[in-house]
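Down below is the structure, laid out as structure tokens.
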Amino acid sequence: MTSQAADGPETAAASRRSKLTPEREQEFFDAVLDQIRECGYDAVTMEGIAASTRCSKSTLYRQWKTKPQFVVAALRSRRTSRLTGIDTGSLADDLREAARAAGDWAVKDTKLLQALGHAVTQDAELAGALREALVEPEVAALKEILRRGVERGEVPAGHPALEFVPAQLFGMLRVRPILEGAYADQDYLVRFTEVAVLPALGLTQGPAQPT
């Protein structure tokens with residue numbers, strides 16, 4: 001026998017959502033994040049995303065109801081770290097690799113952060129999704145790199161600089177465009193790691209490994 005719950009509005013909504021394939025859903029998410037980077041959060045509309053992805057406005061509104069909900073979903077779809085998997089066996093080399101990886105995606109992520117800057121101060125859910133997508137996975141991966149370095153005995157567990165490595169590396173990504181009008185690319189971040197991060201940890205500065 002079919003239950004009443006099975007015929008309820010929640011089931012109908014789930015059925016409507018299931019018509020979107022994961023690939024199509026990701027296409028929508030990529031489109032809204034790309035437009036935010038290029039035009040700014042306030043300039044992006046559901047109508048504009050519908051036009052660029054060749055779908056109806058009703059499709060987007062049915063799925064996500066409002067622009068903030070849509071953007072939050074798009075951000076949360078990206079909750080993966082580009083630093084995961086870095087493990088050279090050396091803390092210094094791991095940090096160099098992390099700097100290269102961060103520099104590789106610095107432009108796209110920094111543009112997104114800048115474009116969302118005012119909006120996230122007005123919307124706690126949007127701010128939370130931004131942290132979940134762009135901050136927390138990278139910080140967690142970097143802390144794992146540091147933890148392994150401590151376990152190998154390369155840095156003492158109580159070294160005071162360990163706490164500040166994420167702020168050093170990721171802070172430079174955010175601040176260089178403001179200070180110098182240029183993004184923190186791979187070369188810049190590797191040089192910063194060599195002269196600021198490694199010495200702060202008491203690691204001997206040596207030649208960077210080739211990419």
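Computed from a predicted structure; not experimentally measured.
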Interatomic distance, CG@L130 vs CZ@R76, rounded to 0.5 Å, equals 11.0 Å
When you look at V135 and F170, which way does the side chain to side chain contact (heavy atoms under 4.5 Å, CB included) test go after all the steps?
-> CA-CA 9 Å; V135 179; F170 299 125; over 6 Å; no
Between atom CE of M172 and atom OG1 of T193, what is the distance when rounded to the nearest 0.5 Å?
-> 9.5 Å
Of the non-hydrogen atoms in V72 and A129, which two are nearest, and what is the gap between them?
-> CG1-CB, 3.9 Å
Mind checking whether I36 and V107 sit in one hydrophobic cluster, side chains of I, L, V, M, F, W, Y counted as touching below 4.5 Å?
-> no
With a distance cut-off below 6.0 Å to the six-membered ring centre and an angular limit of 45° from the axis, does R176 pair with Y183 as a cation-pi contact?
-> no
4.5 Å side-chain heavy-atom contact, F70 and F29 | yes
Verify whether one side chain among S81 and E138 offers a donor that lies under 3.5 Å from an acceptor in the other.
-> yes
Identify the two heavy atoms, one from A31 and one from S52, that lie closest to each other, and give their separation to 0.1 Å.
-> CB-OG, 4.2 Å
Report the distance from atom OG1 of T59 to atom CE of M46, rounding to the nearest 0.5 Å.
-> 10.0 Å
Take E38 and K111 through the side chain to side chain contact (heavy atoms under 4.5 Å, CB included) test and state the conclusion after the steps.
-> CA-CA 8 Å; E38 296 305 316; K111 279 187 175 182; 3.9 Å; yes
Quick one: do I145 and L95 satisfy side chain to side chain contact (heavy atoms under 4.5 Å, CB included)? Show the steps, please.
-> CA-CA 8 Å; I145 287 172; L95 291 173; 4.3 Å; yes
Closest non-hydrogen atom pair, A200 against Q168 | CB-NE2, 4.4 Å
Is it the case that one hydrophobic cluster holds both V175 and L173, taking links as side-chain heavy atoms less than 4.5 Å apart, direct or via other members?
-> yes
Residues 112-126, side-chain donor-acceptor partners within the protein, below 3.5 Å, at least two apart:
residue	atom	partner	partner atom	Å
T121	OG1	H118	O	2.5
D123	OD1	E125	N	3.0
D123	OD1	L126	N	3.0

Heavy atoms only: give me the nearest R24-T53 pair and the separation to one decimal.
-> NH2-O, 2.8 Å
In Å, rounded to the nearest 0.5 Å, how long is the span from CZ of R174 to OG1 of T110?
-> 5.0 Å
Do the side chains of V197 and F164 join up, straight or via other hydrophobic residues, at under 4.5 Å, putting them in one cluster?
-> no
Could D109 and R82 be called an ion pair, given the rule that one side-chain N must be under 4.0 Å from one carboxylate O?
-> yes
First locate atom CD1 of I86, then atom CG of D93, and finally report the distance between them rounded to the nearest 0.5 Å.
-> 11.0 Å
Would you please test R96 and L198 for side chain to side chain contact (heavy atoms under 4.5 Å, CB included) and show each step?
-> CA-CA 9 Å; R96 293 183 184 108; L198 299 185; 3.7 Å; yes
Do you see a donor-acceptor pair shorter than 3.5 Å between the side chains of S56 and S58?
-> yes
Taking all heavy atoms of D104 and all of Q186, pick out the closest pair and write down the distance.
-> CB-NE2, 3.6 Å
Beyond-backbone contact of C55 with L60, side-chain heavy atoms, under 4.5 angstrom = yes
Aromatic plane relationship, F28 with W64 - under 30° parallel, 30 to 60° tilted, over 60° perpendicular = perpendicular
When hydrophobic residues are tied together by side-chain contacts of less than 4.5 Å, even through go-betweens, does L189 share a cluster with L179?
-> yes
Spacing of T84 atom OG1 and E144 atom CD [to the nearest 0.5 Å] | 9.0 Å
For the residue pair L83 and A102, what are the closest heavy atoms and their distance?
-> CD2-N, 4.4 Å
Determine, for D187 against R191, whether the closest basic-nitrogen to carboxylate-oxygen distance falls under 4.0 angstrom.
-> yes
Among pairs that include at least one residue of residues 149-160, which meet side-chain hydrogen bond (donor to acceptor under 3.5 Å, both in side chains), considering only residues two or more places apart or in two chains?
-> R147-E151, R152-E154
Using a 4.5 Å cut-off on heavy atoms from C-beta on, say whether the side chain of D94 contacts that of R148.
-> yes
Ignoring hydrogens and angles, state whether a donor on the side chain of T88 or E97 is under 3.5 Å from an acceptor on the partner side chain.
-> no
